[in-house]
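Counting convention: from 1, in listed order, for ligands and their atoms alike. Every heavy atom of this structure was used, including side-chain atoms; hydrogens, water molecules and symmetry mates were not.
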Amino acid sequence: MTELLSTNTAGLRERYLSSLSQIALYNKTGIVLQNTGLVIEVNCPGLFLAQLCEILPSRPGADSILCQVIGFKEQRTLVMPYKKAAGITYGCCVRALDSFVSAPAGLSYIGRIVDAFGVALDDGSAIKPDAYMPIYREPINPLNRKTIDEILNTGVKALDAALTLGKGQRIGLFAGSGLGKSTLLAAMCQQRQDKKQVNIIALVGERGREVQEFVQETLGPNGMQNSVVVAATAEQPPLIRAQAVYTAVAMAEYFSEQGIEVLLVVDSMTRFAMALREVGLAAGEPPTMRGYTASVLSAIPSVVERCGNFAGRAAITGIFSVLTEGEENSDPVAETLKAILDGHIMLSQVLAQREHYPAIDISRSVSRLFGRLASQEQKQAVKTLRNTLVSFEENRTLLEMGMADNAGTQKLRKNYLASCLFLQQSHQEHFSLSDSLQQLITLSKGCLDD
Ligand SMILES: Nc1ncnc2c1ncn2[C@@H]1O[C@H](COP(=O)(O)OP(=O)(O)OP(=O)(O)O)[C@@H](O)[C@H]1O
Ligand SMILES: [Mg+2]
């Protein structure tokens with residue numbers, strides 16, 4: 001009995017001491033010294049990087065302004081507010097908060113549109129989170145990743161047949177503006193109607209009107225059923241735009257831990273990088289190519305690497321749209337992403353101009369898992385398809401001018417038109433994997449038979 005009592009007392013003492021060590025023994029407070037554009041300089045020793053703090057505006061009754069520590073300069077702390085810094089003057093009180101930003105998550109978020117902090121933007125009821133997830137995480141042990149061997153059925157023929165994707169793959173969608181990125185992403189989300197699947201869609205830096213259009217028209221009620229949309233529009237402060245992506249990733253991790261497969265869509269990664277660029281430059285980081293700071297280029301892999309096929313939880317497939325405007329080779333965001341992704345889908349302006357939708361340029365797109373996921377027969381058929389597209393493009397001018405008109409070129413033209421027909425589909429259409437593969441095999445047999 002005495003022994004039991006002493007064991008219990010020792011456990012209690014341990015817990016007491018551990019709790020005591022976590023209690024802040026004094027409030028970290030300070031004052032506002034200066035406001036330089038986006039950044040407020042405060043004198044509040046003890047604040048650490050990425051910590052939250054609040055500034056109490058001088059106006060009586062005004063709400064405190066939530067800020068995040070983004071850097072330090074000559075013994076001053078640089079903080080950036082999450083909303084318009086109205087009512088802040090020299091000498092306003094700054095108070096440290098005990099936490100990093102976390103993201104609320106839960107099953108009740110499915111079907112809802114929320115802001116970067118998980119607060120409902122739609123006219124539904126307030127959402128009660130089941131958990132709060134950390135928005136920053138330590139890198140995942142590479143040995144906890146599993147090989148990707150299950151096919152992701154996107155419902156889009158061109159992708160499923162020619163660029164087969166896997167569950168847990170990380171893919172970039174590279175295109176200029178207005179070529180059909182959002183429409184293609186929405187089509188992929190609409191395909192997923194299983195209760196064990198969810199789409200988390202981060203809309204970053206869009207115009208307010210575009211968010212509404214995307215949800216109501218492009219994604220539609222069908223696609224919304226199994227989705228959570230996290231939106232931060234262009235006019236919001238850069239910290240909030242970046243936060244929308246971190247919240248989406250953290251929510252994706254929550255669902256993955258619940259055994260629910262996630263399709264994480266970030267539209268667009270370029271706007272996420274631009275938001276972080278504003279933060280980095282305001283914190284005094286030196287700019288590199290196109291003004292992007294080093295912290296931006298390291299934040300991109302930290303988001304991408306949180307997607308994958310993991311041991312002990314469901315896969316997170318990541319699709320990241322990138323705005324290229326035809327200059328992807330000199331764009332550091334596009335370059336950084338291409339190096340770390342497992343595939344890229346390129347949309348072509350020429351195809352979009354011809355109303356060939358989805359405007360996927362098959363010959364410039366790659367799925368690095370195609371070799372593992374496709375059957376031998378499918379690989380042969382895709383080879384035939386790619387050869388037809390490339391041969392026609394190489395000789396397009398001659399063929400369109402009616403020169404070199406012979407049986408060979410007539411066959412090439414016929415095969416090319418059949419291939420284009422196969423690769424097109426309206427955004428309301430969805431194909432099963434077996435249908436897409438069957439059509440591809442039939443097409444390739446037709447090309448070889450003639
Ligand atoms: N599969 C499709 N079928 C028919 N039309 C399409 C399809 N995909 C895209 N479009 C057309 O392209 C237009 C632009 O599409 P979307 O908004 O998806 O492009 P985006 O690349 O996301 O544009 P932004 O750069 O402005 O975000 C649509 O309004 C539609 O007319
Ligand atoms: Mg779009």
- Message: Measuring from atom NZ of Lys379 to atom OG of Ser444, what distance do you get when rounded to the nearest 0.5 angstrom?
- Response: 15.0 Å
- Part of Gln425 within contact of ligand 1 (heavy atoms, under 4.0 Å): backbone
- Task: Would you mind checking which non-hydrogen protein atom is closest to atom 24 (P) of ligand 1, with the distance to 0.1 Å?
- Result: Gly178 N, 3.5 Å
- Using distance alone, determine whether Arg207 and ligand 1 share an N or O pair under 3.5 Å. no
- Below 3.5 angstrom, do we get any N/O pair linking Leu179 and ligand 1? yes
- Does any N or O atom in Ser426 lie less than 3.5 angstrom from one in ligand 1, N or O only? no
- Task: Write out the residue and atom name of the closest protein heavy atom to atom 20 (P) of ligand 1, then the distance separating them to 0.1 Å.
- Result: Lys181 N, 3.5 Å
- Any N/O/S of Ser177 under 2.8 Å from the Mg ion (ligand 2)? no
- Query: Any N or O on Ser177 sitting closer than 3.5 Å to an N or O of ligand 1?
  - Reply: no
- Task: Would you please determine whether Ala175 falls within less than 4.0 Å of ligand 1 on a heavy-atom basis?
- Result: no
- Query: Distance below 4.0 Å between atom 31 (O) of ligand 1 and any protein heavy atom?
  - Reply: no
- Message: Could you check, using the six-membered ring where one of them is a Trp, whether Tyr246 and Phe272 have ring centers closer than 6.0 angstrom?
- Response: yes
- Item | Taking atom 5 (N) of ligand 1 as the reference point, the nearest protein heavy atom with its distance | Tyr357 CD1, 3.4 Å
- Message: Looking only at protein heavy atoms, which one is nearest to atom 18 (O) of ligand 1, and what is the separation?
- Response: Thr183 OG1, 2.5 Å
- Query: Going by the angle between their ring planes, with limits at 30° and 60°, are Tyr82 and Phe117 parallel, tilted or perpendicular?
  - Reply: perpendicular
- Task: Determine if the distance from atom 2 (C) of ligand 1 to the closest protein heavy atom is below 4.0 Å.
- Result: yes
